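To start, the structure itself, in structure tokens.
What you see is a predicted model, and the numbers here were worked out from it, not measured in a lab. In each ligand, atom 1 is the first atom listed, and ligand 1 is the first ligand listed.
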Amino acid sequence: MSEAKQREAICTIGASIFARGEGSSGNISVTTEDGWLMTPTGSSLGRLDPARLSKLGPDGRLVSGDPPTKESFLHRVMYEERPKTGAVVHLHSTHSVAVSCLAGIDPEDVLPPITAYYVMRVGRLPLVPYFRPGDLALASAGRSFAGKHHALLLANHGPVVAGSDLDAAVNAIEELEETAKLYLLLRGAKIRYLTPAQVKELMQ
Ligand SMILES: [Zn+2]
């Protein structure tokens, strides 16, 4: 895909995430032939301008466009630990953030296997401990999970998902958000989760 098309794709997907109310202040990045494209700091996903996206070189420095999101380090961690990553999406989407604030969730696998698509697109979701905004200790905490997991949930903050391309990353983070919503809807109810055998079949 040409860089112009990649720029359009980021803005189109940002607008669609915004339209669905899944968070205006998240951020998106994709790999290009010579570095990365990333959403700029302070930008709303609903009003991205293709020409102003941050273009970063192979060393991560700004080549053109507006300065990148202050959360660019989260994206770097995913690309560095998962070499086949083509795109990373991080959202402050309401239901996923709500789940990330619950006491007593399993930090090794936050959401139970409610649906097949969740198991196939997200799988096991670890909770990364809380750090204040801008604390680079969050990068090292995330790094310790990123090699084994393409989807992470940051405590009291939101999800970060890596994919082979932008569609894969977006599909997975949307499945995560929908599953978080279902999980909250079903709290207190007796739930029939997928069995370990059913989960194993999907993982293969
Ligand atoms: Zn964030």
Side-chain angles (χ1 to χ4, degrees), residues 10-11 13-31 36-49 52-56 60 62 65-82 85-103 105 107 110-111 121-122 125-147 149-163 166 168-181 183-184:
I10 290 174
C11 298
I13 279 176
S16 114
I17 290 169
F18 181 81
R20 273 170 294 179
E22 290 171 1
S24 60
S25 64
N27 33 76
I28 299 170
S29 65
V30 301
T31 53
W36 290 276
L37 286 170
M38 203 172 277
T39 48
T41 182
S43 60
S44 162
L45 290 184
R47 293 183 299 276
L48 292 169
D49 178 349
R52 291 179 63 180
L53 294 178
S54 316
K55 181 162 185 184
L56 309 181
L62 184 66
D66 290 347
T69 167
K70 291 195 176 77
E71 298 184 299
S72 62
F73 65 92
L74 290 174
H75 296 248
R76 287 297 297 230
V77 163
M78 298 308 270
Y79 289 114
E80 284 168 8
E81 298 300 315
R82 308 187 66 80
T85 297
V88 175
V89 181
H90 166 52
L91 296 179
H92 303 143
S93 42
T94 310
H95 300 90
S96 304
V97 177
V99 167
S100 83
C101 301
L102 291 174
I105 45 176
V110 174
L111 288 167
R121 287 177 173 166
V122 178
L125 179 70
L127 186 72
V128 180
Y130 171 80
F131 292 93
R132 68 170 167 75
D135 187 341
L136 291 181
L138 180 56
S140 32
R143 193 178 293 281
S144 64
F145 294 98
H149 302 275
H150 69 288
L152 314 177
L153 186 62
L154 312 180
N156 302 74
H157 184 162
V160 185
V161 176
L166 187 52
V170 168
N171 288 341
I173 207 164
E174 287 183 345
E175 197 65 40
L176 200 171
E177 174 65 6
E178 285 305 310
T179 305
K181 191 173 176 181
Y183 180 69
L184 295 168

Any idea which heavy atoms bring L48 and L53 closest together, and the distance? CD2-CD2, 4.5 Å
The test is side-chain hydrogen bond (donor to acceptor under 3.5 Å, both in side chains); show your working for H149 and E81 and say whether it passes. CA-CA 10 Å; H149 302 275; E81 298 300 315; over 6 Å; no
Can you tell whether the side chains of E177 and R20 come within less than 4.0 Å, N to carboxylate O? no
Hey, which protein N/O/S atoms does the Zn ion (ligand 1) have under 2.8 Å? E71 OE1, E71 OE2, H90 NE2, H92 NE2, H157 NE2
NZ/NE/NH1/NH2 to OD/OE distance under 4.0 Å, E80 and R143: yes
Would you say the side-chain atoms of Y79 and S29 include a donor-acceptor pair closer than 3.5 Å? yes
List the steps, then state whether side-chain hydrogen bond (donor to acceptor under 3.5 Å, both in side chains) holds for H92 with H157. CA-CA 6 Å; H92 303 143; H157 184 162; 3.2 Å; yes
